[in-house]
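Numbering starts at 1 and runs along the sequence shown. Just so you know, ligand 1 is whichever comes first in the structure, and atom 1 is the first atom listed for that ligand.
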Amino acid sequence: MEKKKFKFGLGGWIFVAMILGILVGLACMGEAAAAFTTKYIKPFGTIYVNLLKFMVVPVVLFSIIDGVISLGDIKKVGSIGWKTMVYYLLTTAIAVCIGLAVAILFKNGGLFPQLATTDLAYEAKSSNIMDVLVDIFPSNWLAPLVNANMLQTIVIALFFGAAILMTGDKGGKVGDLFNAIYAVVMQIMMIIINITPIGVFCLMVNVVAVNGAKIIGALGMAILAAYIGYLIHVVVVYGISVKVFAKMSPMAFFKGMAPAMITAFTTTSSAATLPLTIECSKKLGADDEISSFVLPLGCTINMDGTAIYMGITSVFIAFCYGVDLTMAQMATIVVTATLASIGTAGVSGAGMIMLAMVLQSVGLPVEGIALIAGVDKLFDMGRTCLNVTGDGTCALAVTQWQKKLAK
Ligand code: ASP
């Protein structure tokens with residue numbers, strides 16, 4: 001019998017790096033050893049975190065411009081376009097709220113142990129909701145990019161994308177250029193994602209050396225919270241959507257969607273799963289033309305699982321750093337996580353990079369990503385599975401809506 005070849009991918013290496021980091025960290029728990037890790041090991045982790053930050057603005061800017069351009073002619077896509085967008089945005093915003101709610105329940109129930117260390121104490125920015133609203137709109141072209149102001153960067157991207165579509169042939173040339181730049185930016189991102197094991201190891205050693213073993217149990221809780229959030233979203237949001245909009249039994253839907261869901265779970269890439277998502281949705285009755293518009297768009301911009309993950313992990317990271325999030329900060333998280341999930345590419349680990357943007361938007365330290373990076377693959381499996389399922393529900397719902405319109 002032929003032995004199955006076991007492929008040890010990046011996810012495996014990140015996991016190994018985390019375990020090694022924990023072991024070395026546990027071995028370095030004395031005061032002098034912990035100080036050594038802070039001085040000589042953590043800086044390499046800091047380099048990795050800096051590279052993540054370095055990518056946030058270009059990834060958001062170019063992926064959103066590219067996403068808007070991929071809508072094609074705004075008029076042509078007309079009625080399908082706006083329904084799809086409203087559906088995607090609404091389900092994603094609900095997803096962030098579910099994520100936040102579950103995480104807050106976990107936090108208030110004492111299930112997220114707080115790290116008692118001053119080293120991690122961080123001062124959060126406080127702002128009220130009107131300031132947040134005014135702050136969304138830039139008064140300068142370059143400042144938002146230079147200062148990594150994410151909401152303003154997104155507004156710039158939306159203006160560019162829309163204007164490119166509206167400028168006709170000349171705009172198309174600029175669109176092609178942005179499309180090419182986006183491909184290059186994605187390539188840089190892949191390089192950085194590939195050095196994640198090193199970054200995770202260095203950061204984990206220091207986190208465990210300084211905080212002790214407490215962090216390990218906390219991580220298990222964060223993963224549990226995420227999967228509870230995923231489950232609620234699947235049952236409530238997708239269940240209702242399939243039943244009410246697509247007029248189909250949820251069980252039949254999930255059964256038909258299973259091949260795509262399993263592929264997403266194992267590949268952790270919506271983009272790689274796209275052919276299966278299209279196949280499954282069509283078999284379930286989604287219209288051909290609608291599927292070929294809604295699903296590729298969805299695998300680029302609709303990430304409900306990623307949104308839940310962002311809600312959960314922001315509360316988790318804030319708590320670890322001793323920060324109590326205000327209502328205004330949570331509202332900001334809902335807006336930025338919805339937009340960040342739009343900007344998340346459908347590839348493995350992309351959501352974690354975009355999490356940097358959500359953390360930055362409420363003044364939480366991007367370094368917090370190190371706490372969860374080692375187990376990100378476990379979060380990613382579930383979130384990618386939701387991401388593609390959500391696309392399928394949308395294709396079926398829009399198919400029904402268009403049918404009604406044609407009657
Ligand atoms: N892996 C996810 C996807 O492909 C994106 C993410 O990392 O959140 O849908």
Side-chain angles (χ1 to χ4, degrees), residues 9-12 14-15 52 55-56 59-60 63-64 66-67 70 88 91-93 95-96 98-99 182 185-186 189-190 192-194 196 200 222-223 225-227 229-230 233-234 238 257 260-278 280-281 294-314 316-317 333 336-359 366 369 372-395:
L10 180 65
I14 296 176
F15 190 74
L52 285 182
M55 286 315 290
V56 174
V59 168
V60 171
S63 77
I64 292 185
D66 200 58
S70 74
Y88 282 161
T91 49
T92 305
V96 192
I98 292 177
Y182 179 51
V185 166
M186 287 298 290
M189 192 174 98
M190 291 318 291
I192 296 170
I193 287 181
N194 275 319
T196 302
V200 164
I223 293 171
Y227 276 81
Y230 295 158
H233 195 76
V234 167
Y238 296 156
M257 213 54 201
M261 291 170 80
I262 295 167
T263 310
F265 192 80
T266 45
T267 60
T268 57
S269 166
S270 309
T273 312
L274 183 62
L276 269 123
T277 318
I278 295 179
C280 293
S281 306
V294 168
L295 296 173
L297 184 70
C299 100
T300 323
I301 67 165
N302 182 46
M303 310 265 168
D304 296 350
T306 305
I308 294 175
Y309 155 84
M310 287 172 172
I312 302 245
T313 47
S314 337
F316 175 73
I317 290 170
I333 291 177
T336 39
T338 302
L339 297 170
S341 71
I342 292 175
T344 301
V347 297
S348 192
M352 192 181 80
I353 307 247
M354 300 306 283
L355 179 62
M357 155 182 164
V358 180
L359 297 178
V366 174
I369 291 179
I372 50 154
V375 286
D376 189 67
K377 186 81 179 172
L378 297 176
F379 286 110
D380 201 359
M381 294 166 98
R383 67 183 191 243
T384 310
C385 180
L386 255 73
N387 292 346
V388 306
T389 313
D391 300 344
T393 64
C394 181

Under a 4.0 angstrom heavy-atom cut-off, which atoms of ligand 1 come close to [X]?
X	value
Met303	9 (O)
Asn387	2 (C), 3 (C), 9 (O)
Ser269	4 (O)
Gly349	7 (O)
Ala350	7 (O)
Thr306	5 (C), 6 (C), 8 (O)
Thr268	1 (N), 4 (O)

Nearest-neighbour protein heavy atom for [atom], which is reported as residue plus atom name and distance:
atom	result
atom 3 (C) of ligand 1	Ser270 OG, 3.2 Å
atom 7 (O) of ligand 1	Gly351 N, 2.7 Å
atom 1 (N) of ligand 1	Asp380 OD1, 2.8 Å
atom 2 (C) of ligand 1	Thr384 OG1, 3.3 Å

Is any N or O atom of Val347, backbone or side chain, closer than 3.5 Å to an N or O atom of ligand 1? yes

For Tyr88 and Asp304, does a side-chain donor sit closer than 3.5 Å to a side-chain acceptor?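 The answer is no; no qualifying pair exists.
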
Consider only side-chain N and O atoms of Asp391 and Ser270, and report whether a donor and an acceptor are under 3.5 Å apart.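 Note: Asp391 and Ser270 side chains miss the donor-acceptor criterion.
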
I need the [X] [atom1] to [Y] [atom2] distance, nearest 0.5 Å.
X	Y	atom1	atom2	answer
Tyr238	Met257	OH	CE	9.5 Å
Met352	Met310	CE	CE	11.0 Å
Ile301	Ser341	CD1	OG	9.0 Å
Leu355	Ile312	CG	CD1	12.0 Å

Given the options Thr263, Thr389, Leu295, Thr277 meets side chain to side chain contact (heavy atoms under 4.5 Å, CB included) only with Leu295

Passing option when Tyr309 is tested against Asp380, Asp376, Thr384 for side chain to side chain donor-acceptor pair (under 3.5 Å):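 The single option meeting the side chain to side chain donor-acceptor pair (under 3.5 Å) with Tyr309 is Asp376.
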
